[in-house]
Number of protein chains: 2
Amino acid sequence: MKDGPDIARVASLMGDPARANMVMALMGGRALAAADLAREAGIAPSTASGHLDKLVSAGLLKVRSQGRNRYFDIAEPDVAEAVEALTAVAARAGHLRSRPGPRDEAMRHARSCYDHLAGRVAVDLFARWLEAGVLCRRGGDVHVTRKGRDFLVRGGVALAQLETGKRPLCRSCMDWSERRHHLAGMLGAEVLALAVTRGWAVRSSQARAVSFSRRGETEFVRWYSRIVQPAP
Amino acid sequence: MKDGPDIARVASLMGDPARANMVMALMGGRALAAADLAREAGIAPSTASGHLDKLVSAGLLKVRSQGRNRYFDIAEPDVAEAVEALTAVAARAGHLRSRPGPRDEAMRHARSCYDHLAGRVAVDLFARWLEAGVLCRRGGDVHVTRKGRDFLVRGGVALAQLETGKRPLCRSCMDWSERRHHLAGMLGAEVLALAVTRGWAVRSSQARAVSFSRRGETEFVRWYSRIVQPAP
DNA sequence: TTCATGCTTCGACGGTAACCGAAGGATCGC
DNA sequence: GCGATCCTTCGGTTACCGTCGAAGCATGAA
């Protein structure tokens, strides 16, 4: 009767918590093996195998065999876009994943939201970058300004590389504890990665929490709030 | 354990065919009553009521009571964006809604894809507008150029109104019969609406098919392929 | 008041799909 | 070759959720 894209089919694929967690784990941009994804989703390898098969058949993921491992990855940019769009809706509507255990102060301060930074620190970063003209909003989207490009590149961010990816460079994401936005997208992920690489923060692999050392946080804040100066 | 937006919850809401059809029916921008949506989705009113309740509770739809009717509508722009994003994935991956019956030539020629035009005519329109500089692509997105604005406004398109909406103005959508893109989004819907309003085409309310009269099609093609001239 | 319309609540039914463990390829290291 | 690792296939179980019709509750019309 009707034609047109079958949105329900794609949506239902992402609608299963296990599959959604797997796709989310891949949003970082790195391909992951089946076992990693199973662990990430909290299910048995056999179950994960079935899910991954569906995701690949449906064109959401692609797979690359390497030895006895099979590495999965987001198939196309449009998938990442759809995930980001769903994230935005979920964040606005206040649908957060279950978080057993008490909410402690450290979590409010800094934590990871999938692959990017969240919490007070992240909200502050986002606000500063907007204010300083590193980023600008244009009709709901967030962009890096020309001035911002210099600032980021000087700060050690490999901008050009990030832009080749399948995800939007910038996205805003509602912070549930602060009720304001923080930075997501490829750049958001890179900022967290950079903080970890430089030893300012460590990610507990178990709980996905991020903790800054006292000194690390000072350095991080200094890094992102360097004055954006006109070329000397 | 983990925080972050619960994408699975939102996705699973759109993952049910009945709900997806209802949301799709609302993408046209007009609010619809519960009974209309039930019919659109092909389910009993009681079933629809349950679905609509979920969609509203989840923040995907909003409802307005008027007399004994309840009119439903897309709650926020981000929902429309997510739907468009899912549409794009589904279209690329070739997931089309069931279409029983033989594929006939007329369908390939012109038909509707939800609320916008699809088929050879639509693909031609899209290609011409890109070529003529009415539209331009920028990183996967499609935009109306300044030149394009004049062209459209002169052609009777109330551009300003369209932009206030909750949907992106332009979107490209994969045409399954032509394997090329056609125009979706708010402008895509408007083009179809305009063709109907001017009597060039009629929509069969039953099958959502679009048929152009011989003369209507000529006029329509002339309309969209008027030469885009520099100001005299 | 009385009847009709539009929608929701309730109870019961049925099908789909997620889940796991055990067993079976495939590949690598030794 | 032999064991170890990684992944998939299979069978059986469970549970959730979409579905409908009948009945109830509003609102509007006569």
Side-chain angles (χ1 to χ4, degrees), chain A residues 1-2 6-26 30-58 60-73 75 95 97-98, chain B residues 1-2 6-26 30-58 60-73 75 95 97-98:
Chain A
M1 187 85 86
K2 296 177 183 180
D6 184 5
I7 141 175
R9 179 158 171 203
V10 175
S12 73
L13 282 167
M14 299 194 188
D16 176 77
R19 283 192 295 260
N21 281 329
M22 291 195 268
V23 171
M24 276 308 212
L26 292 172
R30 282 195 311 283
L32 295 175
D36 299 328
L37 292 168
R39 193 164 356 96
E40 198 71 33
I43 54 180
S46 60
T47 309
S49 181
H51 285 310
L52 290 168
D53 188 39
K54 282 178 191 159
L55 289 168
V56 170
S57 305
L60 297 189
L61 299 185
K62 65 181 181 220
V63 60
R64 170 174 52 91
S65 289
Q66 198 174 54
R68 55 190 168 190
N69 294 316
R70 298 188 73 202
Y71 290 96
F72 294 85
D73 196 0
H95 301 314
R97 297 199 293 180
S98 66
Chain B
M1 185 89 85
K2 297 177 182 180
D6 184 5
I7 139 176
R9 179 156 171 202
V10 175
S12 73
L13 282 167
M14 300 194 188
D16 176 76
R19 284 193 293 260
N21 281 330
M22 292 195 267
V23 171
M24 275 310 211
L26 292 172
R30 281 196 312 282
L32 296 174
D36 298 328
L37 292 168
R39 191 162 359 91
E40 196 71 32
I43 54 179
S46 60
T47 308
S49 180
H51 285 311
L52 291 168
D53 187 38
K54 282 178 189 159
L55 290 168
V56 171
S57 305
L60 297 189
L61 300 185
K62 65 182 180 218
V63 61
R64 168 174 54 91
S65 289
Q66 197 174 56
R68 54 189 170 192
N69 294 317
R70 299 188 73 202
Y71 289 96
F72 294 85
D73 196 1
H95 302 312
R97 298 199 293 182
S98 64

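The chains referred to below are lettered A, B, ... by the order of the sequence lines, with proteins before strands, and numbering in each begins at 1. Just so you know, these numbers come straight off a predicted model, no measurement behind them.
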Side chain of A35(B) (C-beta onward), nearest among dT8(C), dG21(C), dC7(C) |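 Among dT8(C), dG21(C), dC7(C), the one nearest the side chain of A35(B) is dC7(C).
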Could you tell me how far apart [X] ([atom1]) and [N] ([atom2]) are, to the nearest whole angstrom?
| X | N | atom1 | atom2 | value |
| --- | --- | --- | --- | --- |
| L32(A) | dC7(D) | CG | P | 11 Å |
| F72(A) | dC6(D) | CZ | C1' | 11 Å |
| L13(B) | dC17(D) | CG | P | 11 Å |
| I43(B) | dG18(D) | CD1 | C1' | 9 Å |
| R70(A) | dC28(C) | CZ | P | 14 Å |
| Q66(B) | dT27(D) | CD | C1' | 13 Å |
| L55(A) | dA17(C) | CG | C1' | 14 Å |
| R19(A) | dC19(C) | CZ | P | 8 Å |

For P45(A) and for R68(A), locate the closest nucleotide of DNA chain D by heavy-atom distance; then report the residue assigned to the nucleotide nearer the 5' terminus.
->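 Taking each residue's closest nucleotide, the earlier one in sequence belongs to R68(A).
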Identify, between D53(A) and N69(A), the residue whose nearest nucleotide on DNA chain D lies closer to the 5' end.
->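 The residue whose closest nucleotide sits nearer the 5' end is N69(A).
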Name the residue closer to the 5' end of DNA chain C, choosing between S12(A) and A34(B) according to the nucleotide with the nearest heavy atom.
-> A34(B)
Backbone of L32(A) reached by a side-chain donor or acceptor of D36(A) within 3.5 Å | no
Measure from the side-chain N and O atoms of R19(B) to the backbone N and O of S12(B), and report whether any donor-acceptor pair falls under 3.5 Å.
->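 A pair under 3.5 Å: yes.
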Which atom pair, heavy atoms only, marks the closest approach of A25(B) to E40(B)?
-> CB-CG, 3.3 Å
Ignoring backbone atoms, establish whether H51(A) has a side-chain N or O less than 4.0 Å from OP1 or OP2 of dC19(C).
->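 Result: yes.
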Could you tell me whether the phosphate oxygens of dA18(C), OP1 or OP2, come under 4.0 Å of any side-chain nitrogen or oxygen in K54(A)?
->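 For dA18(C), OP1 or OP2 has a side-chain N or O of K54(A) closer than 4.0 Å.
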Identified side-chain contact (heavy atoms from CB on, under 4.5 Å) partner of M22(B) from the options L61(B), D16(B), I43(B) |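 Of the listed options, the one satisfying the test is I43(B).
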Test side-chain contact (heavy atoms from CB on, under 4.5 Å) applied to L60(B) and V23(B), L52(B), L55(B), the passing residue |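 Of all the options given, the one that passes is L55(B).
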Identify whether any heavy atom of A33(B) sits under 4.0 Å from a base atom; if not, whether one sits that close to sugar-phosphate; answer base, sugar-phosphate or nothing.
-> sugar-phosphate
Side chain T47(B) and base dG18(D) donor-acceptor under 3.5 Å | no
